Amino acid sequence: MAVDIPDDLIETYRKAERVVVLTGAGVSAESGVPTFREAQSGLWAQYDPRELATPQAFVRNPRLVWEWYAWRRELIQRARPNLAHYALVDLEQATPHFLLITQNIDGFHWLAGSRDMLELHGNIARTKCFDEGHRVDGWPQSDEIPPRCPRCRSLLRPDVVWFGEGIPEHALRAAFEATRQCQVFMAIGTSAVVQPAAQLPLLAKRAGARIIEINPEQTAISLLADWSLRGSAAQVLPALVRALGFPTTAIDGARQSETAQGRDT
Ligand code: BV8
């Protein structure tokens, strides 16, 4: 599908010294990882994710919440980054100052090669204990679900930010700081509903940045956007990298490895 990137967008991006990108679950949609709003499948279809992703749900039914995350971790481990993730690596390489802020917990940006990045909502591959926050890489085999912290015996949980929990202070501060200083802010694959991440596009606009949105649908920030590119991130982002005339090293590498594995990406 041909993607039309406006000339004035290309010109604005090329002139930008500092670019900030905010990604949401839509960027991992083409990797086969369901977004929050898509119905959870099978056993989980009966639950509202926003009810499960809370400390209250964990206190009420730790086993249920632990098994929901185990199911999601399993699904993410079987999936892999898509061309949207790799295109963002090429953008990072070609942009003087670039910061990727993700709301996603799947670790795909890091896996694809992004390095100037912040995970606002944690990472599903990391585990910590509920009471003390001790990061735990492994735990003794036990039938108890969830397992317990080897250091303090409190229940283990995923190292993600639940609704009602604060975003890690350092990440939040860095995100707001970079957003205040950028010339271009891109909101990609996010409905821009969840706070405080949803404030970032507003903050960027107020600081004088130009806003680019990439999303097949209209969102809460579409009115703010200088450009809304209606399409899938996996299509639009590679087209943007090519339209900017930037090297497509990460994109080409992903394509070659997909072909080598006999799958067309
Ligand atoms: C906090 C980890 C305070 C867990 C997640 C005002 C101010 C402050 C807080 C609030 C506030 N109002 C309400 C709140 C509370 C709450 C909140 O925001 N509620 C919402 C429902 C209104 N916020 C919080 O609780 C936050 N904490 O503010 O704490 C505080 C401070 C100090 C001390 C104590 C407390 C914490 C929020 C973090 C929650 N954790 N994830 C987990 O994943 O299990 S959020 C989770 O849901 C995701 O990370 C994501 O960010 C969010 C939404 O998920 P999705 O809907 O799936 O994704 P998204 O919205 O990104 O939508 C998908 C988009 O992709 C769509 O637009 C779609 O069109 C598009 N798309 C689809 N396919 C494609 C595509 N785009 C491109 N290409 C495609 N192919």
Side-chain angles (χ1 to χ4, degrees), residues 1 3 21-41 44 47-58 64-73 75-76 79 81-85 87-88 101-109 118-128 133 157-173 175-176 186-203 212-222 225 228-240 265:
M1 172 194 126
V3 178
V21 174
L22 173 69
T23 63
V27 162
S28 296
E30 306 267 342
S31 297
V33 178
T35 64
F36 255 37
R37 67 201 59 254
E38 285 155 3
Q40 300 286 328
S41 59
W44 303 107
Y47 297 99
D48 171 358
R50 288 208 288 234
E51 291 303 312
L52 282 185
T54 64
Q56 293 78 5
F58 186 78
L64 178 75
V65 175
W66 174 268
E67 290 186 335
W68 179 48
Y69 280 93
W71 173 75
R72 291 171 68 191
R73 198 178 295 121
L75 187 148
I76 287 166
N82 65 66
L83 287 182
H85 298 100
L88 285 165
I101 302 166
T102 189
Q103 301 171 88
N104 300 338
I105 62 172
D106 54 34
F108 283 171
H109 285 301
L118 294 170
E119 290 179 324
L120 276 194
H121 297 160
N123 188 314
I124 198 168
R126 282 198 311 265
T127 302
K128 67 181 183 182
R157 52 163 287 183
D159 187 9
V160 299
V161 179
W162 280 332
F163 288 101
E165 292 185 322
I167 307 289
E169 193 43 46
H170 69 281
L172 199 56
R173 199 174 323 111
F176 274 70
M186 299 174 69
I188 308 173
T190 182
S191 60
V193 163
V194 171
Q195 298 291 349
Q199 287 170 42
L200 294 173
L202 230 57
L203 186 68
I212 302 169
E213 177 185 46
I214 299 177
N215 195 316
E217 291 170 13
Q218 180 134 353
T219 71
I221 56 154
S222 295
S228 279
L229 304 179
R230 290 277 167 263
S232 153
Q235 256 101 40
V236 173
L237 280 167
L240 174 62
T265 193

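When a ligand or atom number is given, it counts from 1 through the structure's own listing order. These figures come from a predicted structure and were not determined experimentally.
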First locate atom [atom1] of [X], then atom [atom2] of [Y], and finally report the distance between them rounded to the nearest 0.5 Å.
| X | Y | atom1 | atom2 | result |
| --- | --- | --- | --- | --- |
| I188 | I212 | CD1 | CD1 | 8.5 Å |
| I101 | L172 | CD1 | CG | 9.5 Å |
| L52 | E67 | CG | CD | 11.5 Å |
| I76 | F108 | CD1 | CZ | 6.0 Å |

Original post:
Taking the inter-plane angle between the rings of Y69 and W162 on a 0 to 90° scale, is it parallel (under 30°), tilted (30 to 60°) or perpendicular (over 60°)?
Top reply: tilted
Between [X] (side chain) and [Y] (backbone), is there a donor-acceptor pair under 3.5 Å?
| X | Y | answer |
| --- | --- | --- |
| D159 | I124 | no |
| N104 | A25 | yes |
| S28 | S31 | no |
| R230 | E217 | yes |

Subject >> Part of V194 within contact of ligand 1 (heavy atoms, under 4.0 Å) >> reply: both
Subject >> Part of R50 within contact of ligand 1 (heavy atoms, under 4.0 Å) >> reply: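 The answer is the side chain.
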Going by heavy-atom distance to [atom], choose the closest among [options].
| atom | options | value |
| --- | --- | --- |
| atom 31 (C) of ligand 1 | S191, G166, P196, A233 | G166 |
| atom 19 (N) of ligand 1 | W68, Y69, F163 | F163 |
| atom 69 (O) of ligand 1 | V33, V236, N215 | N215 |
| atom 49 (O) of ligand 1 | E119, Q103, E169 | Q103 |
| atom 12 (N) of ligand 1 | E217, Q235, Q199, Q195 | Q195 |

Atoms in ligand 1 with a heavy atom of [X] nearer than 4.0 Å:
| X | answer |
| --- | --- |
| P216 | 71 (N), 74 (C), 75 (C), 76 (N), 77 (C) |
| G24 | 61 (O) |
| A25 | 55 (P), 57 (O), 58 (O), 61 (O) |
| E30 | 80 (N) |
| W162 | 36 (C) |
| I105 | 2 (C), 42 (C), 43 (O) |

Original post:
Looking at ligand 1, does A234 have a heavy atom less than 4.0 Å from it?
Top reply: no
Using distance alone, determine whether [X] and ligand 1 share an N or O pair under 3.5 Å.
| X | answer |
| --- | --- |
| G189 | yes |
| R72 | yes |
| A29 | no |
| G164 | yes |
| V161 | yes |

**OP:** Grab the two heavy atoms, one from E119 and one from G107, that are nearest each other, plus how far apart they are.
**Re:**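 So the minimum-distance heavy-atom pair works out to OE2-CA, 4.0 Å.
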**OP:** Considering non-hydrogen atoms only, spot the tightest contact between Q103 and H121 and give its length.
**Re:** O-ND1, 3.1 Å
Subject >> Row check, W68 ring normal vs R73 NZ/CZ: under 6.0 Å, within 45° >> reply: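 No, a cation-pi geometry is absent between R73 and W68.
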